[in-house]
Amino acid sequence: MGGFFAAALKEDCVFDLFFGTDYHSHLGTRRAGMVLYDPGKGFDRAIHNIENTPFRTKFDSDVQKMKGMMGIGAISDYEPQPITVRSRHGSFSITTVGKINNKQELIDEIMSLRGAQFMEMSGGEINNTELVATLINEKDNLIEGIRYAQEVIDGSMSMMLLTPKGIYCARDKVGRTPLVIGRKEEGFCASFESFAYLNIGYEDYKILGPGEIVVMTPDAVTTLAAPGTDMKVCTFLWIYYGYPSSSYEGKSVEGVRNRCGQKMAQRDGYMKDKIDIVAGVPDSGIAHAIGYSNESDIPYARPFIKYTPTWPRSFMPTIQSKRDLIARMKLIPVHELIEGQRILLIDDSIVRGTQLRKTVDFLYNSGAKEVHARPASPPILFGCKYLNFSRSTSDLELIARRMINRIEGRVVESDELGDYLDPDSEKYAVLIEELRKEQGFTSLSYNRLDDMLDAVGIPPENLCTYCWNGKG
């Protein structure tokens, strides 16, 4: 995943760019960068590896030297960015958020027909953002180039381009990821996360629609390509990836998570005599758990605490074996709240099942009497092909798919899932029981897709639900 931020002010914008970008640190763990444009100095870029050091620490010295009235910044889980390129349209810097499924096909076509060359990253991969810049340069102007790139890319692609004349901001063609504009007296900013600019003096100004392209200067935000009518914003933003204080399409992340918990409590019915406490897996399940607790009148408690000073981000690092190790190390038990307790545990989702199983074992080993689980989203049956939100390279890594294969005694293809997608079917009930036994829960019940979408509160046809039902 990743996030980005841009500022265009009537004065130096480096302070706003620094803090606005830093507020996206929850969306990426590997690379970060900032580029500023100053009429006298031109483009000034700084990029650092942030795998072991927070953004603020890495870029503190750069902020003292950089200056400019316009700039873009990025936090990335993958390629170094922003990058600066010389092109037929002049020099510009670019940063992107998205996924390219047909990357190799596009590269092969460009290299065979046009003879273009690409720089390789350390892992032998070609930088996605460099590929997008190359696609943009295929056309006669930046607007046509941006639209062309979004049309030929199979996946999703939002972007920001910094030029001497302004910052072009383009939301992906069906709005899978957000892009919002903030305003203050000195100028404007653009951001993935809507909360990122509030503490630096901006107020909400505009939400870009699907496929909308604007150019932002210190004086104005001008629409260059009108938004489309089809939207498929990623539902998982509200369920997990979005920061609690953010909102998308006017719907608060924290509010949606609370309502998910309420919906699950309503489905459970009267559990007050069966459960002693409701707990959320830090930090991804806390808001869902509070909603459940408030609705059910079962006390909310924190039987374990995440040690955040050295492990602040739950999905760091990206190597799976190390993620599992840190998942165990960072949760510290509060034995007084665990021993002899019947705990109802809520997390945002169960993807591979590895981390949550270890959490359950950890609770039992710490003296829990029972552990009931209520994931706040339905079983994940498809690896995300738009934004990598489920972090799986194969559907067979998903625990729900593995259990279905075990039940059926063979590899079940995506188009054969049938009744496993229906929460009222017998096969779905069998799947949940297999998952319950595999994970060691006393009981297990997932949030239903219809309840989850109702909790979000925007028309279901505007939401991407691919990872749960294969409909993107």
Side-chain angles (χ1 to χ4, degrees), residues 1 3 27 97-99 101 150 153-158 171-180 192-195 207-212 227-264 266-267 284-285 287-288 291 347-351 375-392 395 398 400 414 417 420-424 428 446-472:
M1 189 42 193
L27 292 173
V97 170
K99 184 179 180 183
N101 295 314
Q150 291 182 327
I153 287 172
D154 174 22
S156 175
M157 190 55 60
S158 294
R171 188 175 179 181
D172 69 274
K173 60 184 179 181
V174 292
R176 295 190 191 279
T177 52
L179 215 173
V180 294
F192 183 107
E193 291 284 30
S194 62
F195 77 91
I207 301 174
L208 268 63
E212 185 171 3
T229 56
D230 296 329
M231 175 182 285
K232 285 292 181 181
V233 60
C234 177
T235 311
F236 215 42
L237 281 166
W238 285 279
I239 304 306
Y240 171 62
Y241 255 92
Y243 205 68
S245 53
S246 203
S247 65
Y248 310 112
E249 307 307 316
K251 300 297 180 180
S252 158
V253 168
E254 188 78 353
V256 168
R257 292 174 185 172
N258 271 259
R259 290 193 291 275
C260 280
Q262 292 169 3
K263 297 284 185 183
M264 290 190 290
Q266 290 164 4
R267 290 280 180 185
S284 54
H288 304 289
D347 203 359
D348 65 284
S349 61
I350 303 178
V351 183
S377 61
I380 294 178
L381 295 169
F382 304 86
C384 178
K385 65 177 183 179
Y386 300 109
L387 299 167
N388 279 331
F389 274 11
S390 59
R391 287 189 162 275
S392 61
D395 288 351
L398 304 170
S414 296
L417 292 174
Y420 288 111
L421 301 173
D422 180 2
D424 296 318
Y428 180 88
Y446 284 77
N447 198 7
R448 291 170 56 114
L449 183 60
D450 52 352
D451 285 347
M452 185 184 70
L453 298 182
D454 188 49
V456 174
I458 70 173
E461 61 269 21
N462 291 340
L463 292 166
C464 178
T465 55
Y466 181 82
C467 54
W468 299 294
N469 62 4
K471 297 179 181 179

Check your understanding: So does Tyr420 have more than 12 non-hydrogen atoms from other groups sitting under 6.0 Å from OH?
Key -> yes
Point to revise | Any residue meeting side chain to side chain donor-acceptor pair (under 3.5 Å) with Thr465, in chain and number order, not counting sequence neighbours | key: Asn469
Exercise for review: Search all heavy atoms of Phe195 against all heavy atoms of Ser245 and return the closest pair with its distance.
Suggested key: CG-OG, 3.5 Å
Study note, to complete from the structure: side-chain hydrogen bond (donor to acceptor under 3.5 Å, both in side chains) test vs Lys263 passes for just one of Asp450, Asp454, Asn258, Asn447, namely Asp454
**Study point:** Ring centers of Phe382, Trp468 separated by less than 6.0 Å
**Key:** no
Practice item. Kindly indicate, with the supporting measurements, whether the criterion side-chain contact (heavy atoms from CB on, under 4.5 Å) is fulfilled by Phe236 and Asp348. Key: CA-CA 9 Å; Phe236 215 42; Asp348 65 284; 3.6 Å; yes
Review point. Thr235 side chain to Leu463 main-chain N or O, any donor-acceptor pair under 3.5 Å?
Key: no
Study note, to complete from the structure: Minimal heavy-atom distance between Gly3 and Leu27, with the atoms involved, is CA-CD1, 4.0 Å
Review point. If you measure from OH on Tyr386 to NZ on Lys99, what distance do you get to the nearest 0.5 Å?
Key: 10.0 Å
**Study point:** Enclosure of Asp230 CG (heavy-atom neighbours >12, cutoff 6.0 Å)
**Key:** no
Exercise for review: Please assess Asp395 against Leu381 for the test side-chain contact (heavy atoms from CB on, under 4.5 Å), listing each intermediate value before the final yes or no.
Suggested key: CA-CA 7 Å; Asp395 288 351; Leu381 295 169; over 6 Å; no
Point to revise | NZ/NE/NH1/NH2 to OD/OE distance under 4.0 Å, Lys232 and Asp172 | key: no
Review point. Quick one: CZ on Arg171 to CD on Glu212, what's the gap to the nearest 0.5 Å?
Key: 9.0 Å
Check your understanding: Would you say the side-chain atoms of His288 pair up with the backbone N or O of Ile239, donor to acceptor, closer than 3.5 Å?
Key -> yes
**Study point:** Ser194 backbone acceptor or donor facing Ser246 side chain under 3.5 Å
**Key:** yes
Practice item. Looking only at non-hydrogen atoms, find the nearest pair between Ser349 and Pro375 and report the distance. Key: CA-CB, 4.3 Å
Study note, to complete from the structure: Minimal heavy-atom distance between Gly155 and Asn101, with the atoms involved, is CA-ND2, 3.7 Å
